[in-house]
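Presented below is the structure to which this report refers.
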Amino acid sequence: MPELPEVETVRRGLAAAMEGHVFVRAKMHRANLRFPFPDGFGQHLIGKTVKKLGRRAKFLLIIFDDGAVLISHLGMSGSYRIYDSSPPPLDKHDHVVFNISNGFEIRYNDPRRFGFMDLTTVTEMAEHPMLSKIGPEPICPRLSGPELAARLKGRSAAIKAALLDQSVIAGIGNIYASEALFMAGISPKLKASGVQGKRAEKLAAAIHEVLIKAIEAGGASLKDHRQTSGELGYFQHSFQVYGRAGRPCSVCGPGVLVSQITQSGRATFFCSRCQK
DNA sequence: CGGCAAACCTGCGAGC
DNA sequence: TGCTCGCAGGTTTGCC
C-alpha cells in the first residue's frame, strides 16, 4: 500500500472533491474492515460539512466544520475512488460509499481489509491511540539532520527497521526506506544508532527528496495504489533499488547488481557498493 | 523497554 | 489448465 506519498496523493484528490461540501449519505457494505466500524459511524457523518482534508503519517483525516474527524487508514490495499456521474456497479471490495452534496460518489475499496476507519474530534485527535505515538513528519516541516540523529540515538535495530518504525519518523514504509537509504549511501544493515552527524544529515535530505519527488509523481502504483481519479501514479518508474534485485545498480552500472535481503520479515533492496 | 515473528486478509505470479 | 506456495506498499500483538 500506500506510504506517505500515496496517502498524500489521495488526500489531495479527496480535498478537491470534498472540501466545502456536505456528506449526504454514508453506506457501509460490511460491518468491519480491520476493526468493526464504530457504532453509528455512517449516521454520525451525515449532514456534516467537510472543512479540510488532513494527513498525519499514513492516516487520512477528514475534518468537519463541527470539529468531528474521520480517521481513515488505507492499510496495504485500500484506495479511494471519486465518481462524478453514473458510477459503475459496486465492486466486491467497495466496502464504504460516501455521497456528497456536489453529486460526487466516493468509494473506499480495500481487498485485504487491513485498512480501518474511526471517529474522533479535533480536540481529542492527538490522544487517539493510533496517532498518539507517531514521530515527526519528515516533510513540511522538513525533518532536520540533528533531529533525525537524536531520534535514532540509542537504537540497536538496523537503520532500515528504524525507518519503518512510525514512532521514530512518520510515513516511511518499505519502498521509501530502501530508496532513501540508497540515496543517502547508507547500508540498511547499519545500526540505527550509527547514523549520526553528517550521515543523519544526508539521510534526512534523502528522505525529504524521495518523498517530495514521489508526491509530484502521484505516488507509486504497484498493485493497488491509484489516484482518486483512477489514474496510476508513476513514481515506480523512478525506483533505484526497490524491486530491482539482480539488476544493475543505476550508479555502478552492470558490474554491481542490486541485492535483496530480509530484515524483520520484510524485503530490503540495496547496492553493496554504494551503501556502506 | 527493545526487537522480532506472527497475525490480520485477499489476490497474483511463479513453479510444478 | 490447475493447484500450491510465497509474497505483497501496514500495524498491532505477544513473546523473548
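Note on naming: letters A, B, ... go to the chains in the order of the sequence lines (proteins, then strands), and numbering restarts at 1 for each one. All values below were derived from every heavy atom in this structure, side-chain atoms included, with hydrogens, water molecules and symmetry-related copies excluded. Bear in mind the structure is a predicted one, so any value in this text is a computation, not a measurement.
- In this structure, the CG atom of A:Leu4 is 11 Å from the P atom of C:dT11, given to the nearest Å.
- Here the C1' atom of nucleotide B:dC8 and the CG atom of A:Asn32 are 11 Å apart, to the nearest Å.
- Rounded to the nearest 0.5 angstrom, A:Leu163 CG and A:Ser178 OG are separated by 9.5 Å.
- Judged by closest nucleotide on DNA chain C, A:Gly265 is the one of A:Gly265 and A:Phe59 placed further toward the 5' end.
- Nucleotide B:dC9 has no partner under the Watson-Crick or G-U criteria, as no pair reaches both atom distances under 3.5 Å.
- Separating the P atom of B:dA6 from that of C:dG6 is a span of 13 Å, rounded to the nearest Å.
- Using a cut-off of 4.0 Å between Lys/Arg side-chain N and Asp/Glu carboxylate O, A:Glu105 and A:Arg25 are scored as not salt-bridged.
- Taking CZ of A:Arg56 as the reference point, atom CD1 of A:Ile134 lies at 5.5 Å (rounded to 0.5 Å).
- The nearest whole Å value for the distance from the CG atom in A:Leu74 to the C1' atom in B:dC8 is 17 Å.
- Note that the OG atom of A:Ser264 and the CG atom of A:Asn174 stand 9.5 Å from one another [nearest 0.5 Å].
- Phosphate proximity of C:dT11 to A:Gln166: present, with a side-chain N or O under 4.0 Å from OP1 or OP2.
- Residue A:Ile172 contributes atom CD1, which lies 16 Å from atom C1' of C:dT11 at whole-angstrom precision.
- As judged by a 4.0 angstrom heavy-atom cut-off over every strand, A:Lys133 is placed among residues making no nucleic acid contact.
- Comment: A:Glu216 does not engage A:Lys213 in a salt bridge, judged by the lack of any side-chain N to carboxylate O separation of less than 4.0 angstrom.
- Between the side chains of A:Lys160 and A:Thr268, at least one donor-acceptor pair of N or O atoms lies under 3.5 Å.
- Taking atom CG of residue A:Leu131 and atom P of nucleotide C:dT12, one finds them 10 Å apart after rounding to whole Å.
- Atom pair A:Met76:CE and C:dT12:C1' shows a separation of 14 Å (rounding to whole Å applied).
- The side chain of A:Ser156 places an N or O atom within less than 4.0 Å of a non-bridging phosphate oxygen (OP1 or OP2) of B:dG3.
- The side chain of A:Ser264 places an N or O atom within less than 4.0 Å of a non-bridging phosphate oxygen (OP1 or OP2) of B:dC4.
- One can place NZ of A:Lys191 at 14 Å from C1' of B:dC4, the figure rounded to the nearest angstrom.
- As judged by a 4.0 angstrom heavy-atom cut-off over every strand, A:Ala220 is placed among the base-contacting residues.
- The phosphate of B:dG11 (OP1 or OP2) has a side-chain N or O of A:His93 nearer than 4.0 angstrom.
- Between A:Arg266 and B:dA5 there is no side-chain polar atom (N or O) within less than 4.0 angstrom of OP1 or OP2.
- Taking atom CZ on A:Arg55 and atom C1' on C:dG10, their separation rounds to 15 Å, with Å as the unit.
- Rounded to the nearest 0.5 angstrom, A:Asp110 CG and A:Asp94 CG are separated by 10.5 Å.
- Sorted by residue number, the members of residues 106-122 of chain A with any non-hydrogen atom under 4.0 Å from DNA chain B read A:Pro111, A:Arg112, A:Arg113, A:Phe114.
- Closest-nucleotide positions on DNA chain B for A:Lys92 and A:Arg34 were compared, and the one nearer the 5' end corresponds to A:Arg34.
- Comparing C:dT12 with B:dG11, their C1' atoms sit 23 Å apart, to the nearest whole Å.
- Phosphate contact (OP1/OP2 of C:dT11, side-chain N/O of A:His73, threshold under 4.0 Å): present.
- With C:dT11, B:dG3, C:dA8 as the choices, the nucleotide that has an atom nearest any side-chain atom of A:Lys58 turns out to be C:dT11.
- A distance of about 16 Å separates the P atoms of B:dC9 and C:dG14, rounded to the whole Å.
- Taken from CG in A:Leu74 to CD in A:Glu3, the straight-line distance is 12.0 Å, to the nearest 0.5 Å.
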